[in-house]
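Let me begin by presenting the structure, written as structure tokens, before commenting on it.
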Amino acid sequence: MDDDGASRAAVTGLLRSMGHDAVGFASAAEFLASDELGRTGLLIADQRMPEITGLDLRRRLLAAGAPIPMALMTAYPTEAGRRQALDAGIFSYLTKPVSPGELAACVAASQGGPLR
């Protein structure tokens with residue numbers, strides 16, 4: 001999910017081209033209000049979104065008993081942001097624009113494969 005429509009379309013399109021059933025959301029609130037929560041095997045969210053950030057979404061999901069594997073994307077990577085994400089249980093911290101190889105490695109890692 002990403003509030004930037006072009007970025008959201010790019011990541012969703014890449015995932016679909018890899019054969020995955022991907023759904024894009026413009027906000028965390030839109031995702032939480034959908035019926036996709038129980039069907040989500042991997043959640044890739046922008047770190048900076050209005051209202052509910054990627055980390056806030058992670059905390060809400062954990063509090064609700066929904067520990068969905070989650071990766072964060074950001075156009076503004078920092079070591080502090082990466083550390084905060086990993087400490088919150090985010091397994092992958094991706095820099096925008098995300099390359100197809102990085103995205104494929106992220107998906108593989110969410111399914112128990114190696115993270116490169």
Side-chain angles (χ1 to χ4, degrees):
M1 88 193 48
D2 196 326
D3 57 313
D4 178 299
S7 180
R8 182 174 63 250
V11 171
T12 302
L14 271 173
L15 288 167
R16 288 179 182 157
S17 74
M18 294 175 191
H20 302 288
D21 183 22
V23 179
F25 294 93
S27 69
E30 185 180 315
F31 170 71
L32 291 169
S34 78
D35 56 354
E36 292 294 323
L37 185 66
R39 294 188 285 241
T40 301
L42 168 62
L43 185 58
I44 301 173
D46 189 5
Q47 183 175 2
R48 294 183 183 183
M49 292 184 293
E51 298 177 32
I52 303 172
T53 68
L55 285 174
D56 290 339
L57 175 59
R58 174 69 177 169
R59 291 180 192 107
R60 286 181 186 211
L61 291 171
L62 290 175
I68 299 169
M70 192 168 168
L72 281 185
M73 301 181 300
T74 184
Y76 309 99
T78 65
E79 182 55 33
R82 187 183 80 73
R83 175 60 32 218
Q84 187 179 26
L86 297 176
D87 288 348
I90 302 295
F91 76 90
S92 186
Y93 188 73
L94 306 168
T95 300
K96 291 181 186 180
V98 179
S99 74
E102 288 174 304
L103 196 55
C106 177
V107 171
S110 76
Q111 299 169 346
L115 182 61
R116 296 187 181 113

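Here the structure is a predicted model, which means the values were calculated and not measured.
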*Could you identify which residues cluster with Leu86, counting Ile, Leu, Val, Met, Phe, Trp and Tyr as linked when any side-chain heavy atoms lie under 4.5 Å apart, either directly or through a chain of such contacts?*
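Besides Leu86, the hydrophobic cluster comprises nothing; the residue is isolated.
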*If you link I, L, V, M, F, W and Y whenever their side-chain heavy atoms are under 4.5 Å apart, who else ends up in the same group as Leu55?*
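The other cluster members (ILVMFWY side chains, heavy atoms under 4.5 Å, direct or chained) are Met1, Val23, Phe25, Phe31, Leu32, Leu37, Leu43, Met49, Ile52, Leu57, Leu61, Ile68, Met70, Leu72, Ile90, Tyr93.
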Contact summary for [X] and [Y], nearest pair of heavy atoms:
X	Y	value
Leu94	Ser92	CD2-OG, 3.5 Å
Ser7	Met73	OG-CE, 4.5 Å
Cys106	Ala71	SG-CB, 3.6 Å
Ala109	Phe91	CB-CE1, 3.8 Å

*Could you note down all residue pairs passing ring pair (Phe, Tyr, Trp, His ring centres under 6.0 Å) where residues 46-86 supplies at least one of them, sequence neighbours left out?*
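Every pair satisfying ring pair (Phe, Tyr, Trp, His ring centres under 6.0 Å) with a residue in residues 46-86: there are none.
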_Val107 side chain reached by Leu15 side chain, heavy atoms, under 4.5 Å_ =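 Leu15 vs Val107: side chains touch.
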*Should Thr53 and Gln47 be marked as a side-chain contact (heavy atoms from CB on, under 4.5 Å) after you check the CA-CA gap, both sets of side-chain angles, and the distance that decides it?*
CA-CA 6 Å; Thr53 68; Gln47 183 175 2; over 6 Å; no
*Among residues two or more places apart or on two chains, list those pairs meeting side chain to side chain donor-acceptor pair (under 3.5 Å) that have a residue in residues 8-18.*
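Non-adjacent pairs meeting side chain to side chain donor-acceptor pair (under 3.5 Å): zero.
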*Please list all pairs passing the side chain to side chain donor-acceptor pair (under 3.5 Å) test where one or both residues lie in residues 19-32, with sequence neighbours left out.*
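Every pair satisfying side chain to side chain donor-acceptor pair (under 3.5 Å) with a residue in residues 19-32: there are none.
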_For Leu103 and Val11: C-alpha separation, side-chain torsions, deciding distance, then whether side-chain contact (heavy atoms from CB on, under 4.5 Å) applies._
CA-CA 8 Å; Leu103 196 55; Val11 171; 4.2 Å; yes
*Main-chain N/O of Glu36 paired with Ser34 side-chain donor or acceptor, under 3.5 Å*: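 A pair under 3.5 Å: yes.
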*Any salt bridge (Lys or Arg N to Asp or Glu O under 4.0 Å) pairs touching residues 50-61, not counting sequence neighbours?*
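Passing the test, one end in residues 50-61: Asp56-Arg59.
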_Any pair counted as salt bridge (Lys or Arg N to Asp or Glu O under 4.0 Å), so long as it reaches residues 77-98, sequence neighbours left out_ =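 Passing the test, one end in residues 77-98: Asp2-Lys96, Asp46-Lys96, Glu79-Arg82, Arg83-Asp87.
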_Ser99: partners by side-chain hydrogen bond (donor to acceptor under 3.5 Å, both in side chains), with sequence neighbours left out_ =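 For Ser99, the residues satisfying side-chain hydrogen bond (donor to acceptor under 3.5 Å, both in side chains) (neighbours in sequence not counted) are Glu102.
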